[in-house]
Each structure stands twice: as structure tokens, then as C-alpha cells.
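Okay, structure first, notes after.
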Amino acid sequence: VIGKDCGIVELYIDRGDSNENKAIFDQLREHAETIEQSFGGKLTWEPLENRRACRVKYQDSSGGYSSPESEWPTIQCRMVDAMTKLENAIMPHLKALGV
């Protein structure tokens, strides 16, 4: 996600069933410290109360679409790098859950 002043990478958990989504989120959150160490930074854990889905995200506030166009390639590289790190940090835990 690219916002006006930031970029966000996230795992949005929505398998169609709020109970299943919450169970996956809760099981991942049990490993938050390990996941964040692997990611290399603090993540935001959002159970999104009163909604079907849950989310784990990282927000980089060093630039977005309102940044000078000359900075866009750098912003894009940071976002791709963050998404790769997030996937690598979370995927082993999702596989262990059979998801």
C-alpha cells in the first residue's frame, strides 16, 4: 500500500470466516517476538475488532506518493524489501499452521 506520506506492507488475514481468521492471527501473534526478530523491526498487530479479517503490518513513514517523483524508485525498493522480509518472517509459521 502506498499512501500520501508512507508505504505499508501487510499480511491481511481473511479466509472468509472470522473465527478462522482470528485463530490464525492469534497463533501468529504467539510468535510475534520471533517474527519481528526475523523481520528486523516492530510490526503492528491488528485484530480489527468487529471485522471479519485481521492484519499484521509494517509502516514506513519515509515517503509516499506525495514525495518527489525522483524518490519513487527508492520508496518502491524499500517496500519490496519490506514485503520480502515480512513474507520470509511469517511464512514458516503459516506453513506450520497448515495455512
Side-chain angles (χ1 to χ4, degrees):
V1 177
I2 297 295
K4 182 177 179 183
D5 299 310
C6 68
I8 298 169
V9 297
E10 64 183 35
L11 170 67
Y12 191 79
I13 304 167
D14 187 1
R15 294 178 52 92
D17 178 88
S18 60
N19 292 327
E20 181 180 7
N21 298 336
K22 179 83 168 108
I24 292 168
F25 177 84
D26 288 343
Q27 290 175 62
L28 288 174
R29 196 170 196 176
E30 288 177 13
H31 302 280
E33 186 176 330
T34 303
I35 291 169
E36 289 176 347
Q37 284 177 348
S38 178
F39 175 73
K42 186 79 175 138
L43 298 170
T44 303
W45 298 81
E46 298 179 333
L48 302 176
E49 301 296 335
N50 301 317
R51 294 186 52 195
R52 184 176 71 193
C54 303
R55 174 174 40 228
V56 180
K57 75 177 187 180
Y58 168 74
Q59 182 169 321
D60 180 334
S61 298
S62 62
Y65 69 77
S66 68
S67 299
E69 196 168 330
S70 62
E71 295 177 16
W72 290 3
T74 301
I75 294 167
Q76 181 181 19
C77 285
R78 278 197 312 267
M79 293 296 88
V80 169
D81 183 55
M83 190 67 239
T84 301
K85 288 179 182 179
L86 183 63
E87 179 181 16
N88 289 338
I90 289 179
M91 191 56 70
H93 301 277
L94 290 175
K95 286 181 180 178
L97 295 173
V99 178

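The structure displayed is predicted, hence computed values, not measured ones.
- Under the side-chain hydrogen bond (donor to acceptor under 3.5 Å, both in side chains) criterion, Asp17 pairs with no residue, sequence neighbours left out.
- Contacts of Asn88 classified as side-chain hydrogen bond (donor to acceptor under 3.5 Å, both in side chains), with partners at least two apart in sequence or in another chain: none.
- With sequence neighbours left out, the side chain to side chain contact (heavy atoms under 4.5 Å, CB included) criterion links Ile2 to Tyr65, Ile75, Met79.
- For Pro73, there are no side chain to side chain contact (heavy atoms under 4.5 Å, CB included) partners at least two apart in sequence or on another chain.
- By the side chain to side chain contact (heavy atoms under 4.5 Å, CB included) test, Val99 pairs with Arg15, Ile24, Leu94, Leu97, sequence neighbours left out.
- Applying the ring pair (Phe, Tyr, Trp, His ring centres under 6.0 Å) definition to pairs two or more places apart or across chains, those involving residues 72-97 are His31-His93.
- For Arg29, the salt bridge (charged side-chain N to carboxylate O under 4.0 Å, His left out) criterion is met by no residue, not counting sequence neighbours.
- Residue pairs meeting the salt bridge (Lys or Arg N to Asp or Glu O under 4.0 Å) criterion with at least one partner in residues 69-79, sequence neighbours excluded, are Asp60-Arg78.
- For Ser38 (side chain) and Thr34 (main-chain N/O), no donor-acceptor pair under 3.5 Å exists by modelled atom type.
- The CG atom of Leu43 sits 12.0 Å away from atom CD of Gln59, with the distance rounded to the nearest 0.5 Å.
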Report, one line per pair, each donor and acceptor closer than 3.5 Å where one atom sits in a side chain of residues 45-56; sequence neighbours left out.
residue, atom, partner, partner atom, Å
Trp45, NE1, Glu36, OE2, 2.9
Glu46, OE1, Arg55, NE, 2.5
Glu46, OE1, Arg55, NH2, 3.1
Arg51, NH2, Tyr12, OH, 3.3
Arg52, NE, Asp14, OD1, 2.9
Arg52, NE, Asp14, OD2, 3.4
Arg52, NH2, Asp14, OD1, 3.3
Arg52, NH2, Asp14, OD2, 2.8

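- With sequence neighbours excluded, the residues satisfying side chain to side chain contact (heavy atoms under 4.5 Å, CB included) with Ser70 are Pro68.
- Between Ala89 and Ile35, the shortest heavy-atom distance links the atoms CB-O, 3.5 Å.
- Here Ser66 pairs with Asp5 under the side-chain hydrogen bond (donor to acceptor under 3.5 Å, both in side chains) rule; sequence neighbours left out.
- Taking CD1 of Ile8 as the reference point, atom OH of Tyr58 lies at 11.0 Å (rounded to 0.5 Å).
- Taking all atoms of both residues into account, the shortest heavy-atom contact from Cys6 to Ser61 is CB-CA, 3.9 Å.
- Among residues at least two apart or in separate chains, salt bridge (Lys or Arg N to Asp or Glu O under 4.0 Å) pairs with a member in residues 82-99 are Asp81-Lys85.
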